[in-house]
4 protein chains.
Amino acid sequence: MKEEILDKRSAVLKATLELISEQGFHGTPMSQIAQRANIGVGTIYRYFSSKEDLINGLYIDIKTRMTRYVFRDYSENISVSVGLKQLLSNVIHYFIENPMELSFIEQYENSPLITDATREMSMHAAEPLKALFKRAMEQNILKELPFDMLGALFSGAVISLAKLYLSGTAGFDEIYLNAGVDAIWDMIKR
Amino acid sequence: MKEEILDKRSAVLKATLELISEQGFHGTPMSQIAQRANIGVGTIYRYFSSKEDLINGLYIDIKTRMTRYVFRDYSENISVSVGLKQLLSNVIHYFIENPMELSFIEQYENSPLITDATREMSMHAAEPLKALFKRAMEQNILKELPFDMLGALFSGAVISLAKLYLSGTAGFDEIYLNAGVDAIWDMIKR
Amino acid sequence: MKEEILDKRSAVLKATLELISEQGFHGTPMSQIAQRANIGVGTIYRYFSSKEDLINGLYIDIKTRMTRYVFRDYSENISVSVGLKQLLSNVIHYFIENPMELSFIEQYENSPLITDATREMSMHAAEPLKALFKRAMEQNILKELPFDMLGALFSGAVISLAKLYLSGTAGFDEIYLNAGVDAIWDMIKR
Amino acid sequence: MKEEILDKRSAVLKATLELISEQGFHGTPMSQIAQRANIGVGTIYRYFSSKEDLINGLYIDIKTRMTRYVFRDYSENISVSVGLKQLLSNVIHYFIENPMELSFIEQYENSPLITDATREMSMHAAEPLKALFKRAMEQNILKELPFDMLGALFSGAVISLAKLYLSGTAGFDEIYLNAGVDAIWDMIKR
DNA sequence: CATGAATGAGAATTCATTCAT
DNA sequence: CATGAATGAATTCTCATTCAT
């Protein structure tokens with residue numbers, strides 16, 4: 001009964017993610033979330049002050065877990081280029097293994113629901129990446145472009161690749177995926 | 001009074017784009033669209049059978065205009081690599097000049113509102129790009145990757161770059177933009 | 001092109017009857033009536049001041065034609081009992097031959113749309129029947145009941161019989177119909 | 001405060017009956033029903049999935065109560081002819097005592113809103129009457145006509161009589177009513 | 001006269017949020 | 001604390017009616 005062990009807050013987040021990733025924010029009433037989470041509607045409001053707060057909470061939760069996953073094997077000991085490629089690969093794999101989270105993030109980041117505070121928080125989560133970029137710049141490994149720009153190109157391409165993979169239409173395997181990762185690397189490397 | 005010369009259907013599309021790009025689909029009631037378009041609510045329904053139909057119609061309208069813009073200077077006479085770089089540059093500039101359209105497209109393509117029929121139509125619009133890629137492949141100019149993948153990497157990076165530019169935070173100019181375009185080129189070129 | 005010979009007013013009435021008998025008042029927009037009548041919506045308003053007026057006009061039209069049909073072979077020369085039975089039979093046959101009119105009348109008479117003026121008019125149409133009843137009373141042919149009551153019993157049973165016949169479920173033929181008419185006759189005859 | 005003791009579902013049905021019987025289906029908005037029932041609009045939808053469902057629910061409710069009333073004193077011990085006359089009388093009295101229900105039933109049964117499922121249910125409610133007719137046929141008490149036809153003649157006349165009585169114009173009393181009942185009896189008896 | 005595009009009042013329905021139990 | 005019935009503001013959509021052409 002893994003599901004029942006989940007504390008209520010987590011159960012709500014899980015239900016929200018599942019439902020929103022396929023039905024969208026506005027296609028998902030609070031009542032349905034409560035039902036899926038096996039709790040009463042009112043209970044959601046003990047953990048989140050409003051639906052918007054819930055959405056934001058879910059975003060933060062996902063971003064946190066993702067950052068942890070993506071940097072899990074990073075250490076200052078490994079070379080920058082290895083580190084960056086590993087990072088790249090991790091991001092892709094995170095999304096491939098968590099397609100609902102990708103779907104949610106894409107919806108959320110392009111919606112007007114996103115709070116400035118949340119955006120701020122998201123920036124903060126990107127700090128480690130920035131640090132890595134900085135080290136790479138110092139070693140003349142990356143193109144001489146603003147950090148933000150490298151990040152944007154990088155993440156835009158990565159997410160797009162993950163989406164293509166998940167769409168299933170392409171039908172390409174791990175090998176192609178690696179080729180894609182290499183291509184992205186070509187984009188940012190000097 | 002340019003606005004009043006617009007036929008009503010166009011006025012509705014214009015109003016919808018403006019409002020949705022900043023408030024989102026669900027933050028924008030039909031009544032507000034009507035108001036902005038200076039017509040009655042009922043009139044919208046003479047041109048679009050439902051709100052969903054309106055959204056889809058707007059998407060198709062935008063995609064059509066964008067495709068026209070992006071391929072406007074393309075000809076079979078120019079070299080493939082020049083053509084591709086021009087294309088790249090055009091896409092970026094289209095979005096920079098039409099930020100609301102970028103915002104709308106991003107919302108729409110990640111929402112559950114998107115119809116299969118519309119997705120189909122969108123594929124169709126990508127045909128010229130595919131043809132160009134094909135020519136490039138034959139000349140061994142591009143990496144040996146599936147078309148879909150090249151397209152995904154390409155568009156993901158381009159859109160991401162345009163968004164960064166528009167966010168204004170980067171504050172970089174045309175020169176940097178060109179550097180970005182070159183980086184994207186590095187990603188797909190052999 | 002019989003349809004096109006019809007003057008517009010009649011075309012509107014015909015279209016209204018057809019549509020309302022199957023879709024009901026509120027399931028039938030004015031625009032649909034116009035379409036079926038092959039005229040513009042606005043034109044309806046040249047002949048009828050409002051939808052309500054149209055409905056009332058249709059009712060009066062139907063009642064008039066029905067009364068004419070039902071009394072078509074009546075004359076003071078034939079005996080009262082023959083005349084009454086003939087009348088009875090005529091009413092049934094009118095409805096059987098004009099099912100849409102029956103459907104419309106039943107809807108209309110039970111709806112709150114019916115005007116006092118129209119009800120008045122309807123009474124007036126029943127005058128010949130009353131006269132016939134009076135003659136019958138004087139000859140001690142009918143039960144000693146108020147005219148209104150005889151009329152109510154009579155018309156209630158007749159309409160009910162016609163509806164049953166038209167429902168088709170009973171599947172009975174002309175012979176049974178005559179037996180039904182006889183039964184109704186038993187109800188009012190002394 | 002009898003009204004306030006009513007559970008909400010019943011309060012809604014009561015309000016609906018009152019309003020519809022005088023204003024018709026389409027003259028009665030959900031908001032008005034809610035107001036009359038002293039509840040919020042949304043609450044109606046906890047008990048009925050739509051306005052149509054509400055109307056159907058009301059019809060079933062009324063038919064159930066009416067059937068109970070009409071057969072309340074029926075038993076297999078009493079003679080068939082007494083039973084039938086009692087039934088006849090009960091139907092009339094039910095409608096006289098519940099004029100709004102008569103009005104509603106008449107509107108509903110002649111409207112295109114009626115569902116096949118509901119019609120089915122209504123047939124089912126007529127079973128006891130059919131059984132009684134059957135017994136009567138076996139004893140050669142009724143005319144040799146199909147059950148459906150006897151039922152149609154019977155109910156058509158009864159309802160018509162009740163309506164006349166309620167219209168108040170006739171101004172006849174219980175005695176006349178009984179005479180009417182006798183007349184109807186003459187119609188179906190052998 | 002005929003037309004049908006334009007209108008907006010009005011209706012059904014949904015759903016985030018509250019609060020009595 | 002947890003619940004879910006109750007609420008009503010807000011939204012989409014329809015359609016009778018008008019009036020410029």
Side-chain angles (χ1 to χ4, degrees), chain A residues 7-9 11-12 25-35 37-55, chain B residues 7-9 11-12 25-35 37-55, chain C residues 7-9 11-12 25-35 37-55, chain D residues 7-9 11-12 25-35 37-55:
Chain A
D7 66 306
K8 294 207 204 295
R9 190 175 188 279
V12 169
F25 304 128
H26 297 280
T28 306
M30 294 296 265
S31 56
Q32 205 183 0
I33 293 172
Q35 202 164 33
N38 277 318
I39 57 165
V41 218
T43 310
I44 298 178
Y45 288 85
R46 294 233 141 256
Y47 300 96
F48 303 97
S49 66
S50 68
K51 191 177 183 183
E52 205 183 318
D53 186 45
L54 165 58
I55 304 296
Chain B
D7 66 306
K8 298 219 198 292
R9 189 174 190 278
V12 169
F25 305 128
H26 297 281
T28 306
M30 293 298 265
S31 56
Q32 204 183 2
I33 293 172
Q35 201 161 36
N38 275 319
I39 56 166
V41 217
T43 306
I44 299 177
Y45 289 86
R46 293 198 63 74
Y47 300 96
F48 303 96
S49 65
S50 66
K51 191 176 184 183
E52 204 182 319
D53 186 46
L54 166 59
I55 305 295
Chain C
D7 66 305
K8 294 206 206 291
R9 190 175 189 279
V12 170
F25 305 127
H26 297 281
T28 306
M30 293 295 265
S31 55
Q32 206 184 357
I33 293 172
Q35 202 163 33
N38 277 317
I39 57 165
V41 219
T43 310
I44 298 179
Y45 288 85
R46 295 234 140 256
Y47 301 97
F48 303 96
S49 66
S50 68
K51 191 178 184 183
E52 206 183 318
D53 187 43
L54 166 57
I55 305 297
Chain D
D7 66 305
K8 297 215 198 294
R9 190 175 189 278
V12 170
F25 305 127
H26 299 282
T28 307
M30 295 297 264
S31 56
Q32 206 182 2
I33 293 172
Q35 202 160 35
N38 275 318
I39 56 167
V41 219
T43 308
I44 299 178
Y45 289 86
R46 292 199 64 73
Y47 300 96
F48 303 96
S49 65
S50 67
K51 191 176 185 182
E52 203 182 320
D53 187 45
L54 166 58
I55 305 296

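Keep in mind that what you see is a predicted model, and the values were worked out from it rather than measured.
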TODO: Give the rounded distance in Å between these two atoms: CG of Asp53(D) and C1' of dT13(E).
DONE: 13 Å
Open item on the list: Expressed as a whole number of angstroms, how long is the span from Ile39(A):CD1 to dC1(F):P?
Closed with: 14 Å
Open item on the list: Can you see if the side chain of Arg46(B) gets near the phosphate of dA5(E) - specifically, an N or O under 4.0 Å from OP1 or OP2?
Closed with: yes
Open item on the list: Nearest 0.5 angstrom please: Phe48(A) CZ to Ile55(A) CD1, how far?
Closed with: 9.5 Å
Open item on the list: In whole Å, I'd like the distance from the CD1 atom of Ile33(B) to the P atom of dG8(E).
Closed with: 16 Å
- [ ] In whole angstrom, give the distance that lies between atom CZ of Arg9(B) and atom C1' of dA6(E).
- [x] 17 Å
- [ ] Under the side-chain contact (heavy atoms from CB on, under 4.5 Å) rule, what do Tyr47(D) and Lys8(D) come out as? Steps first, then yes or no, please.
- [x] CA-CA 8 Å; Tyr47(D) 300 96; Lys8(D) 297 215 198 294; 3.7 Å; yes
TODO: Dot-bracket for DNA chain E, please, read 5' to 3', with Watson-Crick or G-U wobble pairs under 3.5 Å on both distances, ( ) within the strand, [ ] crossing, | other strand, . unpaired.
DONE: .||||||||||||||||||||
- [ ] Summarise protein proximity over nucleotides 13-21 of chain F in one line of letters, 5' to 3': B for base, S for sugar-phosphate only, - for none, counting protein heavy atoms closer than 4.0 Å.
- [x] BB-SBB---
Task: Short side-chain N/O contact to dA6(E) OP1/OP2 from Tyr47(B), under 4.0 Å - done: yes
Task: Whole-Å distance separating the CD atom of Gln32(B) from the P atom of dG8(E) - done: 17 Å
Task: Spacing of Asn38(B) atom CG relative to dT7(E) atom P, expressed in whole Å - done: 9 Å
- [ ] Quick one: closest heavy-atom pair of Ala37(C) and Ala11(C), and the distance?
- [x] CB-O, 3.7 Å
TODO: Give one of base, sugar-phosphate or nothing for Phe48(D), where a contact means two heavy atoms less than 4.0 Å apart.
DONE: nothing
TODO: Measure from CG on Asp7(B) to P on dA5(E) and round the result to the nearest Å.
DONE: 14 Å
Open item on the list: Working to the nearest 0.5 angstrom, can you tell me the gap between Arg9(A) CZ and Thr43(A) OG1?
Closed with: 14.5 Å
TODO: Looking only at non-hydrogen atoms, find the nearest pair between Gly27(B) and Pro29(B) and report the distance.
DONE: O-CD, 3.4 Å
Task: Side chains of Met30(D) and Ile33(D) in contact at under 4.5 Å (non-hydrogen atoms) - done: yes
